[in-house]
Amino acid sequence: MAKKKEKKAGKRMKKSELAERLINYFRAKPNETFSLKQLSSGLNLTTHPLKMLCADIILEMIADDFLQEVEKGQYKLNDHGLIMTGIFQRKSNGKNSFIPEDGGETIFIAERNSAHAMNNDKVKIALFAKRKNRNPEGEVIEIIERANDTFVGTLKVDKFYAFLVTENRTLANDIFIPKDKLKGGKNGDKAVVKIIEWPKEAKNPIGQVMDILGKAGENTTEMHAILAEYGLPYVYPKNVEAAAEKIPAEITEADYAEREDFRAVTTFTIDPKDAKDFDDALSIRLIKPGLWEVGVHIADVTHYVKEGSTIDKEAEKRATSVYLVDRTIPMLPERLCNFICSLRPNEEKLAFSVIFDMNEKGEVKNSRIKHTVIKSDRRFTYEEAQQVIETGEGDYKEEILELNKLAQILRKQRLAAGAIDFDRIEVKFEIDETGKPLSVYFKESKEANKLIEEFMLLANRTVAETIGKVPKNKKAKVFPYRIHDLPDPDKLENLNWFINRFGYKIRTSGSKSEVSKSINRLLDDIKDKKEQNLIETVSLRAMQKARYSTVNIGHYGLAFDFYTHFTSPIRRFPDMMVHRLLTRYLAGGRTAQKDKYEDLCDHSSEMEQIASNAERASVKYKQVEFMSERVGLEFEGVISGVTEWGLYVEINENKCEGMVPMRDLGDDYYDFDEKNYCLIGRRHHKKFSLGDPVTIKVARANLEKKQLDFALVEK
């Protein structure tokens, strides 16, 4: 009798009721898989219409990601779960998102459901039930780990309260600062502020001033603000400098005794004219007719900086020197980088050297790696060395000309093997003593630069091969390599598609060297053409980023199977790691701990990227400052970027880039064609494409935002 009743109830069951029963059934057994037959039995669905309704609901639940079909006809609760962990990304427009840590699609988090999570915080979210044809949405239920709670901005100080106004695009609200947390900050000061709490009901986070950087608009203030914004140090710790002061600069008898002596061999440095830290020198002498000995001598930093010392810990944390437009923020204390370790002329110095015996054809007949003592005879700037190369006259002309000849052979061999010849023009500023940019000039890589580059590449490669190249049945010892992966095939296809419109093409498949040779042909073909800079930029974006790792996959861009960084220990921590391990292994030491060095490699790669972003921000600041005195003037340029919010234009004569906002293209409504890098007007079908020449007028220069606005000038 009871059964009949259930059957009748079953007949009358609504879709929503059955859906709820299904949800509860799957949730009660989250790890089990069911067929339709099992579900019908488990839920006691005894009529054909109910079984059909159940099948329909299951299809909808699969479409809504509530269920997954693990194999044909077998269904299971979708266990990416209703609670997920991942990274929160805050947008100032409130369109926040969550990226699951195990991959999967991005989830929308409305501002009201963000629990005041900050950008890049690690959070736990609860997923809402998915609505038809809507993106998944969720709510932050726990902040696991704060990514950043420190912000840089300008203080607005009133009689009773104060705020930090930030230009940070991820923080929609200014930070409220109680008067007793101002640390002496005044209205208009740039400051570093730490968020101390963000009460649930409060619109604004509450912060305290950690440091006053100075008056907004002053050069040093703004440069320190850029560093602070990227979490980079802008002062050198006193205790680290004090530790450096205690290091003796004298070379001891024991040092001389255990090193190869190069003091009598012709040796010189070639560096930028404003350099103070000379970490590499070259020596050359004729051993016999047709055979040269070339020494690549690198400052022996780790002789002075002992592993685990105060100085070493600071260097490890920084991982790299940072080169802003007008200053260097060194990795090591000044006493070490500019005095003790720097290979200054006419001073005896300790070095770690790679010495090559090379014939006239540029073939390396023999090489050795030794700790040495050297004495540089002359410090050349790149310009001075270039003059010797071009005129054949000047100090050490025979040595420079011979090194240049060998370097050109090495370069030719490298390019023939498939190395990619990116020769980017660097934008530099002539700056007065207050930091004001007076003019823009372009730094090009000439033969003197390439001479140094080739011998540094050779030394780095030789060091990597010495440790990494082992017989087939042997395992190589743990070592930090500089690796560079093959380009992403999809990005190469996009690049090819983009350059087609300029009449060029590249190979997107085939062997490594076929692809790289076709990229080199492209880079050759565009030399001195108006589209050169643009195509080089887009080509660079198609490449992977080089990074550090103990897992060697070779260096695609250089066409080397083994490569590392050994030649700049004054300014890069990975080179210090390489020096230490190389010393240990050459003395027969055991292999190092892989996990420890892989973590150090990851940290160094990350810091390199952060430093590079800060360097770009300082260039951008100077460009805006330079152009702020040229508001209203017209310039010829080229469209260097196309987005849904407007066009980026790069000025031809000074490479300053600004934006023509979409709101200023008021003559039409434009659609953004992402695939074709262009905007197309709906009514007049006017088209703005990447690479198009345009005339612009400088409309606005906002130093706070490091932003230039241009207006198009109709010809």
Side-chain angles (χ1 to χ4, degrees), residues 87-92 117-122 145-155 164-172 174-175 189-195 205 207-214 216-237 240 313-332 337 426-427 429 435 545-548 571-574 600-625 657 702-708:
I87 299 298
F88 179 84
Q89 294 203 317
R90 174 174 281 285
K91 302 279 191 307
S92 56
M118 309 290 281
N119 197 44
N120 289 331
D121 281 356
K122 189 176 183 182
E145 192 184 317
R146 285 275 188 207
N148 176 32
D149 53 7
T150 304
F151 292 86
V152 179
T154 307
L155 291 174
L164 184 84
V165 181
T166 74
E167 283 304 332
N168 191 298
R169 300 211 175 103
T170 62
L171 196 63
D174 298 334
I175 301 167
D189 280 352
K190 271 255 158 101
V192 181
V193 167
K194 184 185 172 83
I195 290 177
Q208 67 178 34
V209 173
M210 304 304 289
D211 201 2
I212 305 293
L213 300 172
E218 287 175 4
N219 186 57
T220 292
T221 302
E222 296 301 339
M223 291 300 117
H224 284 179
I226 287 169
L227 292 165
E229 215 173 291
Y230 286 95
L232 294 167
Y234 43 91
V235 288
Y236 214 91
V240 184
K313 283 177 184 161
E314 184 67 23
E316 180 189 314
K317 194 166 79 184
R318 293 176 177 238
T320 179
S321 292
V322 184
Y323 295 89
L324 300 189
V325 163
D326 67 333
R327 69 195 61 209
T328 300
I329 292 81
M331 178 178 81
L332 295 169
C337 63
E426 271 187 79
V427 177
F429 290 92
K545 277 194 168 60
R547 59 193 172 88
Y548 299 104
R571 61 185 180 89
R572 292 187 303 225
F573 190 73
L600 286 169
C601 283
D602 286 346
H603 170 68
S604 299
S605 302
E606 192 187 332
M607 292 308 291
E608 175 188 28
Q609 190 54 51
I610 290 170
S612 163
N613 293 342
E615 285 160 21
R616 269 203 298 275
S618 82
V619 170
K620 188 76 198 166
Y621 184 87
K622 287 296 162 203
Q623 287 180 327
V624 176
E625 193 180 348
E657 190 181 56
N702 184 332
L703 271 169
E704 269 297 298
K705 291 184 177 173
K706 304 181 197 65
Q707 206 170 291
L708 281 175

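Computed from a predicted model, the values in this text were never measured in an experiment.
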State the [atom1]-[atom2] distance between [X] and [Y], to the nearest 0.5 angstrom.
{"X": "Ile329", "Y": "Tyr323", "atom1": "CD1", "atom2": "OH", "value": "10.0 Å"}
{"X": "His224", "Y": "Leu227", "atom1": "NE2", "atom2": "CG", "value": "6.5 Å"}
{"X": "Gln609", "Y": "Lys545", "atom1": "CD", "atom2": "NZ", "value": "4.5 Å"}
{"X": "Phe88", "Y": "Arg146", "atom1": "CZ", "atom2": "CZ", "value": "9.5 Å"}
{"X": "Ile175", "Y": "Thr166", "atom1": "CD1", "atom2": "OG1", "value": "6.0 Å"}
{"X": "Glu218", "Y": "Leu213", "atom1": "CD", "atom2": "CG", "value": "11.0 Å"}

Considering all heavy atoms of both residues, which atom of [X] and which atom of [Y] are nearest to each other, and what is their separation?
{"X": "Val152", "Y": "Glu229", "value": "CG2-N, 3.6 Å"}
{"X": "Ala319", "Y": "Met607", "value": "CB-CB, 3.7 Å"}
{"X": "Ile212", "Y": "Ala191", "value": "CD1-CB, 4.2 Å"}
{"X": "Ala228", "Y": "Val192", "value": "CB-CG2, 3.9 Å"}
{"X": "Lys706", "Y": "Ala617", "value": "CD-O, 3.7 Å"}
{"X": "Leu324", "Y": "Ala614", "value": "CD2-O, 3.7 Å"}

Open item on the list: Using side chain to side chain contact (heavy atoms under 4.5 Å, CB included), reason through Leu708 and Glu657 one step at a time and then give a plain yes or no.
Closed with: CA-CA 7 Å; Leu708 281 175; Glu657 190 181 56; over 6 Å; no
Is there a donor-acceptor pair under 3.5 Å between the side chain of [X] and the backbone N or O of [Y]?
{"X": "Asn119", "Y": "Arg90", "answer": "yes"}
{"X": "Ser321", "Y": "Met331", "answer": "yes"}
{"X": "Gln707", "Y": "Asn702", "answer": "no"}
{"X": "Thr154", "Y": "Val165", "answer": "no"}

Any [X] side-chain heavy atom under 4.5 Å of [Y] side chain:
{"X": "Tyr621", "Y": "Val325", "value": "no"}
{"X": "Leu164", "Y": "Leu155", "value": "yes"}
{"X": "Cys601", "Y": "Arg547", "value": "no"}
{"X": "Phe429", "Y": "Gln623", "value": "yes"}

Open item on the list: Show, in sequence, the C-alpha distance, side-chain angles and deciding distance for Glu314 and Lys317, and conclude whether the salt bridge (charged side-chain N to carboxylate O under 4.0 Å, His left out) test is met.
Closed with: CA-CA 5 Å; Glu314 184 67 23; Lys317 194 166 79 184; 3.6 Å; yes
Open item on the list: If you count every heavy atom of other residues, nucleotides or ligands that lies below 6.0 Å from Lys122 atom NZ, does the total exceed 12?
Closed with: no
Task: Stepwise side-chain hydrogen bond (donor to acceptor under 3.5 Å, both in side chains) check, Thr220 with Arg327 - done: CA-CA 10 Å; Thr220 292; Arg327 69 195 61 209; 3.3 Å; yes
TODO: Could you check Lys622 against Glu222 for salt bridge (charged side-chain N to carboxylate O under 4.0 Å, His left out), going step by step and ending with a plain yes or no?
DONE: CA-CA 10 Å; Lys622 287 296 162 203; Glu222 296 301 339; over 6 Å; no
- [ ] Please assess Val209 against Asp189 for the test side chain to side chain contact (heavy atoms under 4.5 Å, CB included), listing each intermediate value before the final yes or no.
- [x] CA-CA 11 Å; Val209 173; Asp189 280 352; over 6 Å; no
- [ ] Start with the C-alpha gap between Cys337 and Arg571, add the side-chain angles, then the distance that decides, and say whether side chain to side chain contact (heavy atoms under 4.5 Å, CB included) holds.
- [x] CA-CA 8 Å; Cys337 63; Arg571 61 185 180 89; over 6 Å; no
Open item on the list: Between Arg572 and Ser604, is there a side-chain donor-acceptor contact under 3.5 Å, judged purely by atom types and distance?
Closed with: no
Open item on the list: side chain to side chain contact (heavy atoms under 4.5 Å, CB included) for Leu600 and Phe573? Distances and angles first, verdict last.
Closed with: CA-CA 9 Å; Leu600 286 169; Phe573 190 73; 4.2 Å; yes
